[in-house]
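Along the sequence shown, the residues carry numbers beginning at 1.
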Amino acid sequence: MEKGNQSTVMEFLLLGLSSQPEHQQLLFVLFLFMYLITVLGNLLIILAIVTDSHLHVPMYFFLSNLSFVDICFTSTTIPKMLANHVTGSKTIPFGGCLAQMYFLFVFADMDNFLLAVMAYDRFVAVCHPLHYATKMTHHLCALLTVGSWMVANSNALLHTLLMARLTFCDNNVIPHFFCDVSPLMKLSCSDPSLNEMVIFTEGGLIMITPFICILASYIHIASAVLRIPSMKGKWKVFSTCGSHLAVVSLFYGTIIAVYFSPSSTHSTEKDSAATVMYTVVTPMLNPFIYSLRNQDMKRALAKMVGSKNPCLMLSSEVP
């Protein structure tokens, strides 16, 4: 590490999720399987949306962005974990650790913003269907996406620079499978109070604002749906929005548990399990939630793979 950072630590040691060899073998297979499912599933969604002109609408534009972000999100942590297992080395350079933390912040924030934008898109579609085309223009969609990337990168850069200013002395063991901000602050032999304050203030604002937008959007959606006389119409809307809410609940619930709960309630095991949920499980579930519960996506996927199976084509028509 550079002398300007006043640290004797040149690299960190990632202990992973278990120290027992038999558990490590099982975790390697499990994480490799989940990573392949995440990448292949999200790639299929992106390709289906790109190749099907019927899906060139705001909802699927945001969904393709979410799939891209989810691929990048898992690729920030899992390949390094798998490589460490294969090589038998658990080390990561100080610069690599900061880079990993930076991209984790970027993609976590992008997931956060895209879930909020998708909730707003559903709000406009359900509550203002006649004005949907004029409200959700291509210009607005591009502006929301580019703005999200700019804010996410600015936020990640702030937290990374604050982490780089800390001094790390003798202890370089991280009881985790990636360089997360909380374990790193615990290892610092300098005062991390500024980092903690920024996480709870600026970081809290970054998380809470989209979450409030999501809640407000779905409150209005629920109110509008309850006024629909047809039970079939109610079920169709609730089915689509319910899958979105499932992802939102899992994503925000685990992040709040790790970063915004009292430190007295934390433990290495609980924090590791929660981070696995939002960094690995949620990105893996997105392809299934948004394709298996979405008829347009089913048709696009069936069309893309050129399926001739009548049973598959028939199942894609079943609501």
For L27 and H85, what are the C-alpha separation, side-chain angles and deciding distance, and is it a side chain to side chain contact (heavy atoms under 4.5 Å, CB included)?
CA-CA 10 Å; L27 288 171; H85 180 83; over 6 Å; no
The reported gap from NE2 in H159 to CG in N195 (rounded to nearest 0.5 angstrom) is 9.0 Å
For Q100 and T77, which heavy atoms make the closest approach, and how far apart are they?
NE2-CA, 3.8 Å
Closest non-hydrogen contact found for D191 with R165 is O-NH1, 4.3 Å
Could you walk me through whether M163 and L166 pass the side chain to side chain contact (heavy atoms under 4.5 Å, CB included) test, one step at a time?
CA-CA 6 Å; M163 187 61 67; L166 296 180; 3.7 Å; yes
For Y35, what residues pass the side chain to side chain contact (heavy atoms under 4.5 Å, CB included) criterion, not counting sequence neighbours?
V39, T74, S75, I78, P79
If you look only at pairs with a residue in residues 37-65, which of them pass as a side-chain hydrogen bond (donor to acceptor under 3.5 Å, both in side chains), with sequence neighbours excluded?
N42-S67, D52-H54, Y60-N294, Y60-D296
Measuring from T282:OG1 to L250:CG, what's the distance to the nearest 0.5 Å?
3.5 Å
Please give me the minimum heavy-atom distance between L184 and C179, naming the atom from each residue.
CD1-CB, 4.2 Å
Parallel, tilted or perpendicular, judged at 30° and 60°: which one describes the rings of F73 and Y278?
tilted
Tightest non-hydrogen contact, residues V126 and A224, listed as CG1-CB, 4.1 Å
If every non-hydrogen atom of L187 is compared with every non-hydrogen atom of V173, which pair is closest and at what distance?
CD2-O, 3.3 Å
Just checking, is any N or O donor in the side chain of S182 or D180 under 3.5 Å from an acceptor N or O on the other one?
no
Name the atoms and distances for all side-chain donor-acceptor pairs under 3.5 Å in residues 206-216, with sequence neighbours left out.
residue: T209; atom: OG1; partner: L205; partner atom: O; Å: 2.8

Just verifying a value: how many Å separate K90 NZ and L14 CG, rounded to the nearest 0.5 Å?
9.5 Å
Give the ring-plane orientation class for F107 versus F103, where under 30° counts as parallel, over 60° as perpendicular and anything between as tilted.
parallel
Within the structure provided, determine whether L157 and N153 are in side-chain contact (heavy-atom separation under 4.5 Å).
no
M81 versus N84: any side-chain heavy-atom pair under 4.5 Å?
no
From E11 CD over to F168 CZ, what is the distance, rounded to the nearest 0.5 angstrom?
14.0 Å
If you count the non-hydrogen atoms of other residues, nucleotides and ligands that lie under 6.0 Å from NE2 in H128, is the total more than 12?
yes
Indicate if I46 and L55 have the same hydrophobic cluster label, given that clusters are the connected sets of ILVMFWY residues with side-chain heavy-atom separations under 4.5 angstrom.
yes
Determine whether V124 and H131 make a side-chain contact, defined as any pair of heavy atoms from C-beta on separated by less than 4.5 Å.
no
Looking at S190, is its backbone amide N or carbonyl O close enough to the side chain of T167 to form a donor-acceptor pair, meaning the two atoms are under 3.5 Å apart?
no
Is there a chain of hydrophobic side chains (I, L, V, M, F, W, Y, each step under 4.5 Å between heavy atoms) that links F28 to F178?
yes
Can you confirm whether more than 12 heavy atoms, excluding those of F68, are under 6.0 Å from its CZ atom?
no
Atom pair OG1 (T145) and CG (L114), whose distance is rounded to the nearest 0.5 Å
6.5 Å
Can you name the nearest heavy-atom pair linking K135 to L140, along with the distance?
O-CD2, 3.1 Å
Let me confirm one number: the CG-CD1 distance from L43 to I71, rounded to the nearest 0.5 Å.
4.0 Å
Could you please spell out the steps behind the side chain to side chain contact (heavy atoms under 4.5 Å, CB included) verdict for F105 and L158?
CA-CA 10 Å; F105 269 108; L158 171 63; over 6 Å; no
Assess the residue pair V276 and F177 against the criterion (side chain to side chain contact (heavy atoms under 4.5 Å, CB included)); give the C-alpha distance rounded to whole Å, side-chain angles, the decisive distance to 0.1 Å, and a yes or no.
CA-CA 9 Å; V276 168; F177 68 97; 3.7 Å; yes
Let me check something: do L130 and Y132 share a hydrophobic cluster, defined by ILVMFWY side-chain heavy atoms less than 4.5 Å apart, either directly or through other members?
no
I want to check something: taking the side chain as every heavy atom from C-beta on, are F113 and L144 in contact at a cut-off of under 4.5 Å?
no
